[in-house]
Amino acid sequence: MAATPLLELRGIDKSFGPVQVLHDVGLSVYPGEVTALVGDNGAGKSTLVKCISGIYPIDGGTVTFEGNEVAIHSPRDASALGIEVVYQDLALCDNLDIVQNMFLGREKTSGIVLDEATMEEMAGETLRSLSVRTVKSLRQLVASLSGGQRQTVAIAKAVLWNSRVVILDEPTAALGVAQTAQVLELVRRLADNGLGVVLISHNMNDVFAVSDRIAALYLGRMAAQVKASDVTHSQIVELITGGRSGNLGLPAEKPSEFIDITPGEAQ
Amino acid sequence: MAATPLLELRGIDKSFGPVQVLHDVGLSVYPGEVTALVGDNGAGKSTLVKCISGIYPIDGGTVTFEGNEVAIHSPRDASALGIEVVYQDLALCDNLDIVQNMFLGREKTSGIVLDEATMEEMAGETLRSLSVRTVKSLRQLVASLSGGQRQTVAIAKAVLWNSRVVILDEPTAALGVAQTAQVLELVRRLADNGLGVVLISHNMNDVFAVSDRIAALYLGRMAAQVKASDVTHSQIVELITGGRSGNLGLPAEKPSEFIDITPGEAQ
Amino acid sequence: ACGSESGSDGDSGSSGSSVGKVGVILPDTKSSARWATADLKYLTDAFKAAGVEADIQNAQGDKTQFQTIADGMISSGVKVLVIVNLDSGTGKAVLDKAKAAGIATIDYDRLTLNGGADYYVSFDNVEVGKLQGQGLIDCLTEKKVTKPVVAYLNGSPTDNNATLFKEGYDSILKPKFDSGEYTKGPDQDVPDWDNVQGGTLFEQMLTTNKDIKGVLAANDGLGNAAIQVLKKNKLNGQVPVTGQDATVQGLQNVLVGDQCMTVYKAIKQEADAASELAIALAKGQAPTSATGSITDPESKKDVKSVLLKPQSITKANVKDVVTDGFVTKEELCTADFAKACTDAGIS
Amino acid sequence: MTTTTTTTAGGIQAVKPTVASHIRDYWGRVRGGDLGSLPAVLGLLVLALIFGVARSDTFLSALNFANLFTQSAQVVFIAMGLVFVLLLGEIDLSAGFASGVCGAVMAILLTNHGLPWYVAIPAAMLAGIVIGLMLGVLVAKLGIPSFVVTLAAFLGFQGVLLTMLKGGQNISITDEFVKSLNNGNLSTAWSWGLAILAVVGYAGIQLNRVRSRAARNLITDPIGIVLFRIGGLAVLLFAATAVLTQERAINPAINSLKGVPIVVPIIAIAMIIWSFVLGRTTYGRHVYAVGGNTEAARRAGIPVDRIRISVFVICSFMASIGGILVVSRASSVDPNTGGSNILLYSVGAAVIGGTSLFGGKGKVINAVIGGAVIAVIDNGMGLMGFSSGQKYIFTGLVLLAAASVDALARRRASATGS
Amino acid sequence: MTTTTTTTAGGIQAVKPTVASHIRDYWGRVRGGDLGSLPAVLGLLVLALIFGVARSDTFLSALNFANLFTQSAQVVFIAMGLVFVLLLGEIDLSAGFASGVCGAVMAILLTNHGLPWYVAIPAAMLAGIVIGLMLGVLVAKLGIPSFVVTLAAFLGFQGVLLTMLKGGQNISITDEFVKSLNNGNLSTAWSWGLAILAVVGYAGIQLNRVRSRAARNLITDPIGIVLFRIGGLAVLLFAATAVLTQERAINPAINSLKGVPIVVPIIAIAMIIWSFVLGRTTYGRHVYAVGGNTEAARRAGIPVDRIRISVFVICSFMASIGGILVVSRASSVDPNTGGSNILLYSVGAAVIGGTSLFGGKGKVINAVIGGAVIAVIDNGMGLMGFSSGQKYIFTGLVLLAAASVDALARRRASATGS
Ligand SMILES: Nc1ncnc2c1ncn2[C@@H]1O[C@H](COP(=O)(O)OP(=O)(O)OP(=O)(O)O)[C@@H](O)[C@H]1O
Ligand SMILES: Nc1ncnc2c1ncn2[C@@H]1O[C@H](COP(=O)(O)OP(=O)(O)OP(=O)(O)O)[C@@H](O)[C@H]1O
Ligand SMILES: [Mg+2]
Ligand SMILES: [Mg+2]
């Protein structure tokens, strides 16, 4: 495994209006490794991903890609660097069909005409490799797909391309048993091919099954980033729910601005 | 446990245009029991739920509630019978806040004026009981919630009311470790209070942890409905992926109209 | 293969092969109430009386519709086409098409410049404007106002007639402005002849220029809009307002002294003149009534014409309009105006 | 940060806001792009400034200020009604002519049938309700897109209006009560009385709310902020009343003109009622829900069709009041009443005020502020003495400028925040 | 069910459809609510039937049939352009007056400056492009809602037009080429030639597609269905050509009138080009994507702003052609060119054809079919001899009836299916 990270974040801050969601977050993604990003609901995992992919502008901090500091202002910039993301909120165009969604923004053409035949072939192969068996037609609109089918399309869309870093935000949440196994295998395969992979998941079995490193976010702060082999299942759960576990994690006092539930002003 | 089912479906058929999604499906939900509904992606679980709750009209078959045949034409009818549903596609109003969403359609009023204070109090308590800790304000718009937070709001919305049957479609898919545990506990508690609970999940551990019965859908057909104590983990996985396991499940031949992937007509 | 057989669905049973059908296209319903209320009635009556089948339609101010209607009439095989153009361009396009189909054409009320219609029947629109200008001067003189500020509330900027009216009253008033006897006040067009907008515009004029002493409003509707604003400021009756069309509303305003004058165009005369021409042409006779002639200012060609004189109506001669049957006493002399009517000698 | 933590009834920890934290929060929200009607108000101020400088003597006069209200009444009323329709992501192109038809109903009953105003006005409103019911049923029950239904109605009502007016006559009204609605003024005593009543009422509601929430241990706005709001309203209302109760007649010798225009309380009452309905009742909540996510609303058991019909009824009802007021102002009705740009102006008013055409977002007060923007533009333009062509161009430009203030403010805000 | 299973290149099992299965599938889709433009075509037939019965002698004459095309040209062109804007969920209220302004540009260059048509026409089109660019930049870059931007432009262009025409003059054009565009007819030879070319071209494309997909072992439409489509088009086109190449002059002695109107191939070419762009190019795909889910499109790396600007450019460009054609037809331009109901009719045409106002759904051909519905209503009404009031009312009712055919068809379909 390479010593220099492929993608490195340092000191990322992000606020939405008055609410600060990310505080000084750092994260390193190494080529050939699966880095699991874990954290409680609302810890800021998806927000961090969206900061990396340029959907949200960051308030502070730096992003380094292959050793060079980069500024990612939009998803175009991210994919130009070779960063592909499967978002938790899948972001498919409901008015387009499966093939059209899978190739969105990267359509194959022959001349100026769309090469539907090639795209259809490629899409079919990819879906098959992900154990999708109940899709009636590749020309079905994604609006009519089941939850798991939608998720598969989103995953298939991200892995069709030659990228350097693949980030998957809870990719197996809606998947069935067989499909989940396929996706985990795919994740491992991607890493083995030298890509940097970030996997977000709430399923500790999956996390320990495929990941090399584990990064735990707690209330918008990076509690710890450790080798998977160095920690136990229950240590990670402690990090997720409490922000610290033994000598790992954040300092003891609880960040003052987080309060359980603050009933706001009515209306 | 009562011998007569609270809710019973018989021979349910459902097509979307030329595609038949449900074939002659039967399901019984008993009071005081958790019935797990399992099946592969695209098996038809969510479609079945939407048929029960009146979102989709059924093409054929009967629905019996407490022994009486009922016709459910809309979600209003379903909730009038005491059927509450947590949908997989959460169906929250992004332009409303957490409290407003939780009480949607059942607002508390004093006189003709909305009683915001009472609703806020009740919402806060319910969320706390579901281990939600990172919501900044109950008046936050649900559009700005994380995936898990949205799911919790949807669950909280369904359990706020006194209902007879609660159906949860993959309620823990996006939840963290602690929250998942809380929801499973809640599911058990609801059943123990005499409600009929239907839980859809792809996580076999969860299924076996809380359910009394397991119903397995395979390609739109009910493969088997068995007691959880009578089957093993791997038998259920076989039912899900193959439609049969030993003497359980569908007859051997594969339904002819299902073909792996049928590339449709381009454009 | 088509169009040669004329429609036989009219209510006149007498349409022999020699008597053709007449098509009439009226312009709109907004520039004046006359088109939908008066012209339609008089023309229909005249054609019915003569047993000539007529198709009378209104283009509702829409040029495209105007042409669509014309196309329809031409394809339904009319023998005579009477048009009130919305603008000379479309007017000419329609006339050209009609002539190409061998249809006789009459310009009604508005001359289609360079259109080459066979006949022209009209009130002189510039003359209307002149009457308005003169009427305003008379009222101002009568009220002994010195150095009055006169405001213009013109018709729709997109209506060519409004331009002609303005040309008329400008020609009368401009010398007064030039000599310093009168002062020219605000001068605004009212889009679509919209009375509500007219009211707002006048309110703003009055706010800007508090000593407006005379209002040249292009028609009765706009006049009424100005009067309402004046009323709010209790200036009605003191500031003379002009109008046009001799509508019930306008005449009532004249009767109570809020409006200085209106212009009455004996539309029946005009309609009768046009229908007489059309009927003759439809029957294949040579019309004799078009004795006058007018020179098309663009093509410099003469057009055979029937030209009628508009009449200025003040309190003194409101009864002429009633006598003419243009408005009925019942319409005009409602409870609020009964006394004014008696005073004006209408009984 | 020293925040006082109190325990509320639900046993949930909460932070009691102070005046300072409240202001900080507000500023955070503003920076975060949650601007409410701030930009529209800003746009209004900019416009007032421009016209005030260009035509300082007239634009800023009390007379012109009073005129603003009567001139904008129709657009404001239609816009308030349209907010409901727009909240559902629907559109009502026929609202303009519906107001014309209702105005004509009133005028015909008054003038041609000699009926008193207390018959004619309710009849006109009823006409509005019937129209709305018709449109709503066609949209909700037959499922025809509202654009098509109301386009058909736009044409149809134009025809109805023409037919009612026998092809194009104007009908004058003479009823003094009706005419006073959008021409008359309150007496000075009434003007002050209502202004004071409004401030006292507002103060009562605000303070009561603080009290009752505090009693349940829920978070309340700091009392300082509440008092500031009440004070702000008082200053604004009393200043306006002071201006409007001055003599503003062109020629005070002939005619005294003072007092708040009667139409001001009419607009205010409509605004308060509908704001209450949208913000504080179950019905209003359901309108937002259906507009935000129809499917979610349906699944929550909300009778979507009935809500859909009801918004068209409200819209046409408000249009009927707009029609009554415009007929009152012009003292007559003609086939173009409610035509021209009324509809586009009304939709524009709602949109400028911040209502989304896609549904789910908007408030009644926005329509009033947007209507004020439109009215100020129209009013100011009328004072500038441009030619027609110039006027159209400048109106367009000023409209654009007012809208850019809004767009740029939101953009700047979202660049620093979300 | 005997289906032939073939193995395609990707190694995926697939079913080779037969004619019977294809028809079964189509019927299933129709029952499932996927009706395409079927209801609009149905509505069109119903209308033709009504008017045909009521005015059999005139409505169904060859002359009237030919007139339909020239009458509808402006609306159809603006509607085609609007489809792009509507696909993004935006609106362009200024398209009507933009077409007027562009028409005026052409007329002024032709008449006042005496320039030839090959300068004036491109200049008008350029004006359209510039206008679209302006609108697009304001919407996409400043983020002002398109309703407000184009409302401002609607007013502004009205003013520009008035100013260009010096306050209200008409400008006539005499250029024969321009006049022939929307008045002239093709010679009989050309008429037949183009009709044959169209059929042959269509056949070539369809057959080539079947061949190339079959070569890759992908599923193709059964050849019987393809031949049926080609045959259908041929019958339709040849029948229309036969009717239009008959003599249709009222008085053939004076003036012969036959051949396909020149505007027909102009409309056809525009339709083919834009359908190709929307359906077969990356750009078109991106337009649908942005309209369907802007955020998803942005995440897929689509330059959303550029797409947004481009649709306004296309819309105004098409409006400019509409303007050229309407000026050609009227041989003149006046300050109301592009005003009146043109805009609402154009949006209505697009919507009736099945384009959604919320974006993501619609085709160019729908605009043409919807435009035909509007044109037939207008044309037929003109032949019925109603009074103005009646005409408005009936137009509204007929529009509603045509739209209900659509709504009811879809509703029935969705009741049996989804
Ligand atoms: N646009 C926004 N405006 C305001 N707050 C936001 C916004 N987006 C997210 N948040 C808040 O930021 C926090 C982090 O959200 P995020 O989606 O990153 O969580 P997450 O770690 O992905 O959680 P989950 O596991 O539930 O997906 C949450 O508390 C959420 O409410
Ligand atoms: N509106 C629709 N039109 C056409 N096909 C549909 C529609 N809705 C669902 N389907 C199809 O019906 C099948 C069953 O879908 P459903 O959502 O019920 O699956 P599911 O069992 O819930 O799967 P998952 O576990 O992925 O949520 C899928 O193949 C899906 O593509
Ligand atoms: Mg997340
Ligand atoms: Mg599902």
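Within every chain, numbering begins at 1; the chains are lettered A, B, ... in the order of the sequence lines, protein sequences first and strands thereafter.
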Would you check if the side chain of A/Q100 reaches a backbone N or O of A/L141 as a donor-acceptor pair within less than 3.5 Å?
-> no

Give a yes or no on whether the backbone of B/D59 and the side-chain of B/D13 come within a donor-acceptor separation of less than 3.5 Å.
-> no

Please tell me if the side chains of B/D24 and B/R221 come closer than 4.5 Å, counting only heavy atoms from C-beta onward.
-> no

Relative to chain B, which of A/S144, A/G176, A/A178 shows the most heavy atom pairs under 4.5 Å?
-> A/G176

Which one of B/L175, B/I98, B/V99, B/L114 has the most heavy-atom pairs closer than 4.5 Å to chain A?
-> B/L175

Considering heavy atoms only, which positions within residues 37-51 of chain B lie below 4.5 Å of chain A?
-> B/D40, B/N41, B/G42

Straight-line distance of B/M102 CE to B/L104 CG, nearest 0.5 Å | 12.0 Å

Partners meeting side-chain contact (heavy atoms from CB on, under 4.5 Å) with B/T118 (sequence neighbours left out) = B/D115, B/M122, D/R216

Aromatic rings A/F208 and A/H233: how do their planes relate, parallel, tilted or perpendicular, breaks at 30° and 60°?
-> parallel

May I have all residue pairs that pass ring-ring contact (aromatic ring centres under 6.0 Å, His included) and include part of residues 94-146 of chain A, sequence neighbours excluded?
-> A/F103-A/W161

Greatest number of heavy atom pairs closer than 4.5 Å to chain A - which of B/G147, B/S146, B/A174, B/S201 = B/A174

Answer with side chain, backbone, both or neither: which region of A/D169 has an atom nearer than 4.5 Å to a non-hydrogen atom of chain B?
-> neither

Could you list all the ring-ring contact (aromatic ring centres under 6.0 Å, His included) pairs where at least one residue sits in residues 116-154 of chain A, not counting sequence neighbours?
-> none

Honestly, the part of A/M204 sitting under 4.5 Å from a heavy atom of chain B is side chain

